[in-house]
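One structure is given here, and the rest of the page talks about it.
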Amino acid sequence: MNVLLIGSGGREHALAWALAASPLLTRLYCAPGNGGIAEVAECVTLDIGDHAAVAAFCKAQKIELVVVGPEAPLVAGLADDLRAAGLKTFGPGREAAQLEGSKGFTKDLCARHHIPTARYGRFTDAETAKAYARDQGAPIVVKADGLAAGKGVTVAETLEAAEAAIDACFEGRFGAAGAEVVVEECLVGEEASFFALVDGATALPLATAQDHKRAHDGDRGPNTGGMGATSPAPVMTEEICRRTMDEIIGPTVRGMAEAGMPYQGVLYAGLMITDEGPKLIEYNVRFGDPECQVLMMRLKSDLLPALMATADGVLETFDLRWHDQAALTVVMASQGYPGAYEKGSVIRGLAAAADNPDVEIFHAGTARRDGDVIATGGRVLNVTALGASVQEAQARAYAAIEKIDWPEGFCRSDIGWRAVEREKDAAA
Ligand code: AMP
Ligand code: GLY
């Protein structure tokens, strides 16, 4: 079977790595791919915004499944246009992708179906939004409604900060994404990521994961796309997973089908595990990055038939097996990320670092130049390891990082600390 994967990050390298291991795969193409993906797939240049061009490529190369990695092409309706052209595609259409593309859409769905989430209001002008914030009191959370590359959320400790965030949205800091604003209750608890494959009607939960969003050790510094992740997430006990499926994922899948926009693809729930149980912070319509990297390391089953079964609507009879081992990934980023950073530095020592069957190095922002691997992005490498415990996976990942020679990069030194603390408490 020929497959086209769309995207260029560490998430896509992990997906490509898992797909390449499938005995069902004939050829794997990735558009645009990166320096690491090039080792397991044929990287091709395609204008992803030109849906007809993507469809024409698929017809010419006899592609039997298209897997869309990032959210932007899904929100733009790439999956609808490919399906209309007769191409099997993993990922939601434009309407269902509103679960990530519009926070207000998701909040209203939660309200209609009694899905636990933060209390909220939706606003199209600053004065009414501020009045609501004053009424609720700080701390309070302000969110631009649309896609803002993870930068549209302010957790405001004071009313002044909330009002400044509201003004920033309506003054256009996030462009069209900020034309509407959601103001919501600040939830307290531990965050976790929950993933399920959804085929329109049936949801199949995947392994649990937890990421580290802050740039620096001790969960300090600016928010990023994610500096590392672990799987499983100890806070996601069997009971919390069951409640998440019953109270959040199930009603969402039914609600979307009832609304005439059945959801197909991977559904990623960002959760806060509160004293009252799991509450939805937000949905994403794609795999998390870097959570996908740890999930792919733990997946024992073949990924390709799982994605096919999702696209074919036959998940009801499907099952997935997972390795019992823990997985952990550490993101190596360019110095300065998530702010400004230099591109083009050379990374050495990757082969030696990956010389361990329990370690995989996924590339997030690299290219090949004259035989060298060079950094081309903010997040650049995901050094990923399996271990009998999170502690062992953590030790293996950091031992591999020791062998990587890249002075222009940095990483956090405490990825997995929550899970490691729990392991130590359990052993004590
Ligand atoms: P989001 O882009 O919606 O995932 O928000 C980014 C981050 O902001 C989340 O990962 C949380 O850490 C935080 N956040 C968002 N909404 C809330 C909320 N209602 N209460 C507490 N923290 C939140
Ligand atoms: N790791 C967070 C995200 O993918 O949005």
Side-chain angles (χ1 to χ4, degrees), residues 7 9-12 14-15 69-72 74-75 99-107 110 115-121 133 136 138-157 161-162 165 169 174 177-178 181-195 208-215 219-231 233 235 266-276 278-296 329-331 333 338 362 364 378-379 382 412 415 418:
R11 165 182 53 211
E12 285 77 22
L15 291 172
E71 65 279 13
L74 295 167
V75 172
L99 283 178
E100 178 163 0
S102 167
K103 298 194 188 290
F105 172 89
T106 299
K107 298 300 286 190
C110 289
I115 295 167
T117 186
R119 276 193 318 276
Y120 74 106
Q136 300 293 314
I140 192 144
V141 181
V142 176
K143 301 183 172 184
D145 182 77
L147 289 188
K151 297 185 178 70
V153 175
T154 303
V155 180
E157 299 298 335
C169 286
F174 308 112
V181 165
V182 170
V183 180
E184 68 179 34
E185 171 195 7
C186 189
L187 298 173
V188 179
E190 186 171 336
E191 279 185 61
S193 306
F194 190 87
F195 300 90
T208 60
Q210 208 161 20
D211 79 342
H212 297 262
K213 288 214 168 66
R214 301 298 197 94
D219 291 328
R220 287 197 187 74
N223 254 318
T224 72
M227 295 300 292
T230 50
S231 175
V235 69
V266 60
L267 185 59
Y268 160 3
L271 301 177
M272 188 72 86
I273 312 307
T274 71
D275 290 345
E276 294 161 34
K279 293 193 180 182
L280 181 71
I281 297 177
E282 62 154 3
Y283 273 131
N284 296 299
V285 298
R286 50 171 175 85
F287 281 103
D289 187 345
E291 291 97 319
C292 184
Q293 289 79 316
V294 285
L295 294 185
M296 291 306 118
T329 189
V330 180
V331 172
F362 298 119
R379 294 191 291 175
N382 310 139
R412 278 181 58 164
I415 296 302
R418 282 178 195 279

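Note that ligands are numbered from 1 as they come in the structure, with each ligand's atoms numbered from 1 the same way.
Per-residue contacts place C186 under 4.0 angstrom from the following atoms of ligand 1 (heavy atoms of the residue considered): 20 (N), 21 (C). Residue-ligand proximity, G288 to ligand 2, at heavy-atom distances under 4.0 Å covers atoms 4 (O). Those atoms of ligand 1 with a heavy atom of E184 less than 4.0 angstrom away are 16 (N), 17 (C), 18 (C), 19 (N). Applying the 4.0 Å criterion to heavy atoms of D211 picks out, from ligand 2, the atoms 1 (N), 2 (C). Less than 4.0 angstrom separates some heavy atom of E185 from each of these atoms of ligand 1: 18 (C), 19 (N), 20 (N).
At under 3.5 Å, a nitrogen or oxygen of E191, whether backbone or side chain, sits near a nitrogen or oxygen of ligand 1.
Under 4.0 angstrom from ligand 2, there are no non-hydrogen atoms of R11. Contacts between L187 and ligand 1 below 4.0 angstrom, taking non-hydrogen atoms only, involve backbone and side chain alike. Residue contacts with ligand 1 for K213 involve side-chain atoms from C-beta outward but no N, CA, C or O (heavy atoms, distance under 4.0 Å).
Here the side chain of R11 pairs a donor or acceptor atom with the backbone of F287 at under 3.5 angstrom. Side-chain atoms of T208 come within 3.5 Å of backbone atoms of A233 as a donor-acceptor pair (strictly under, hydrogens ignored). With hydrogens and angles ignored, the 3.5 Å screen pairs a side-chain donor or acceptor of R214 with a backbone N or O of G221. At least one donor-acceptor pair closer than 3.5 Å links the side chain of K107 to the backbone N or O of A118.
In this structure, the protein non-hydrogen atom closest to atom 5 (O) of ligand 2 is R286 NH2, 2.9 Å.
Of the residues R418, E291, E191, the one that meets the side chain to side chain contact (heavy atoms under 4.5 Å, CB included) test with Q210 is R418.
Among V153, I140, V182, V155, the residue whose heavy atom lies closest to atom 23 (C) of ligand 1 is V155. Between the choices R119, E282, K143, the shortest heavy-atom distance to atom 16 (N) of ligand 1 belongs to K143. Looking at V142, D219, V141 and measuring to atom 17 (C) of ligand 1, the nearest heavy atom belongs to V141.
Ligand 2 is approached by Y268 to a heavy-atom distance shorter than 4.0 Å. Ligand 1 lies out of reach of G270, whose nearest heavy atom is not under 4.0 Å from it. Ligand 2 does not have G226 within reach: every non-hydrogen atom of the residue lies 4.0 Å or more from it.
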